[in-house]
Trainee: 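I have a structure here, written as structure tokens, and I will follow up with some questions on it.
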Amino acid sequence: MWLWVIIALAALVIVILLLLCIPLDLTVQVNTSKSPACKLRLLWLFGLIDHDLRKPREKPQEKRKAGTAREKKRGRSIRPDTIYRILRTTGLFSQVKQLLAGIVNSLKIKHLAANLKLGLENPADTALLFAITGPVNFLLSLLPYDITIWPTFDSDLAFAAYVQGIARIWPILLVFALLKFIFSLPIMRIARILVATRWKKA
């Protein structure tokens, strides 16, 4: 009996690990000339699952519920001395740095193209702006992405942007980075501080 339970749990763990090894593709499209200006889509299982990440508008009733929840949370706010103790936790910032590095390592930009247009009210100021930012355009040309910044002398147009990018996310690397952060010694110390503070309030 126990053998089958262990086999089932092991099989479940293997399936979860295999699913985490399948990358996610996050597509971003920004076009200021259209509405909505930003589109976010999440693709998984090599495009079999396609989810739109645009947040739906909240209904008035939902907004009232959210406001009530915020009011309840205010009574459970953390005291300034507790925040100070948390920030003084040894090794906290190094763990945050490792977490950010792990998140960056779990991401890979597959495609990035951007076409930006900038302009000021005075055409002379626009020309001066792009004369100053010339080195920036040169550095952008060295990147492996198609990024261009153009001046616009149309007085009615101050800024226009079209950005399209695809970032590949490896969930297995992201989960490992989060687990390493959560079960690190500094985070355990912070959890102990929060539990002790909560216990005193109770």
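The structure displayed is predicted, hence computed values, not measured ones.
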Trainee: Of all residues at least two apart in sequence or in a different chain, which pass the salt bridge (Lys or Arg N to Asp or Glu O under 4.0 Å) check with D146?
Mentor: none
Trainee: Can you give me the closest heavy-atom contact between W170 and C21, atom names plus distance?
Mentor: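 Taking every non-hydrogen atom into account, CZ3-O, 3.5 Å.
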Trainee: Do any side-chain atoms of residues 177-193 form donor-acceptor pairs under 3.5 angstrom with protein atoms, and if so which ones, sequence neighbours left out?
Mentor:
unit_1, atom_1, unit_2, atom_2, d
S184, OG, F181, O, 2.7

Trainee: Among residues at least two apart in sequence or on other chains, which ones pass side-chain contact (heavy atoms from CB on, under 4.5 Å) with A161?
Mentor: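 Per chain and number, A161 pairs via side-chain contact (heavy atoms from CB on, under 4.5 Å) with T32, L116, F159.
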Trainee: Quick one: list whatever passes salt bridge (Lys or Arg N to Asp or Glu O under 4.0 Å) with R41, sequence neighbours left out.
Mentor: D50, D52
Trainee: By side-chain contact (heavy atoms from CB on, under 4.5 Å), which residues pair with F176, not counting sequence neighbours?
Mentor: I172
Trainee: Any idea which heavy atoms bring I22 and W44 closest together, and the distance?
Mentor: O-NE1, 3.4 Å
Trainee: Would you kindly confirm whether L173 and V13 end up in one hydrophobic cluster when ILVMFWY residues are joined by side chain heavy atoms under 4.5 Å apart?
Mentor: yes
Trainee: Hydrophobic side-chain clustering at under 4.5 Å (ILVMFWY, transitive links): who's grouped with I14? Put none if nobody.
Mentor: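 L18, which link up through side-chain heavy atoms under 4.5 Å apart, make up the rest of the cluster.
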Trainee: Considering residues at least two apart in sequence or located in another chain, which fulfil the side chain to side chain donor-acceptor pair (under 3.5 Å) criterion with Q164?
Mentor: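 Counting only residues at least two positions away or on another chain, Q164 forms a side chain to side chain donor-acceptor pair (under 3.5 Å) with Y162.
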Trainee: Is there a path of hydrophobic side-chain contacts, each under 4.5 Å between heavy atoms of I/L/V/M/F/W/Y residues, joining L99 to V96?
Mentor: yes
Trainee: Sequence neighbours left out, what passes side-chain contact (heavy atoms from CB on, under 4.5 Å) with W150? Give chain and number order.
Mentor: N115, K117, T148
Trainee: Do I103 and L174 have side-chain heavy atoms sitting under 4.5 Å apart?
Mentor: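 They are in contact (side-chain heavy atoms under 4.5 Å apart), so the answer is yes.
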Trainee: Go through the structure and list residues passing side-chain contact (heavy atoms from CB on, under 4.5 Å) with L26, not counting sequence neighbours.
Mentor: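 If we apply the side-chain contact (heavy atoms from CB on, under 4.5 Å) test to L26, skipping adjacent residues, the hits are V28, L42, L53, I169.
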Trainee: Show, in sequence, the C-alpha distance, side-chain angles and deciding distance for I166 and L43, and conclude whether the side-chain contact (heavy atoms from CB on, under 4.5 Å) test is met.
Mentor: CA-CA 10 Å; I166 301 175; L43 305 175; over 6 Å; no
Trainee: Does N31 have any side chain to side chain donor-acceptor pair (under 3.5 Å) partners at least two apart in sequence or in another chain, and if so, which?
Mentor: S33
Trainee: If a pair satisfies side-chain hydrogen bond (donor to acceptor under 3.5 Å, both in side chains) and one of its residues is in residues 19-28, list it, with sequence neighbours excluded.
Mentor: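 Found D25-R168.
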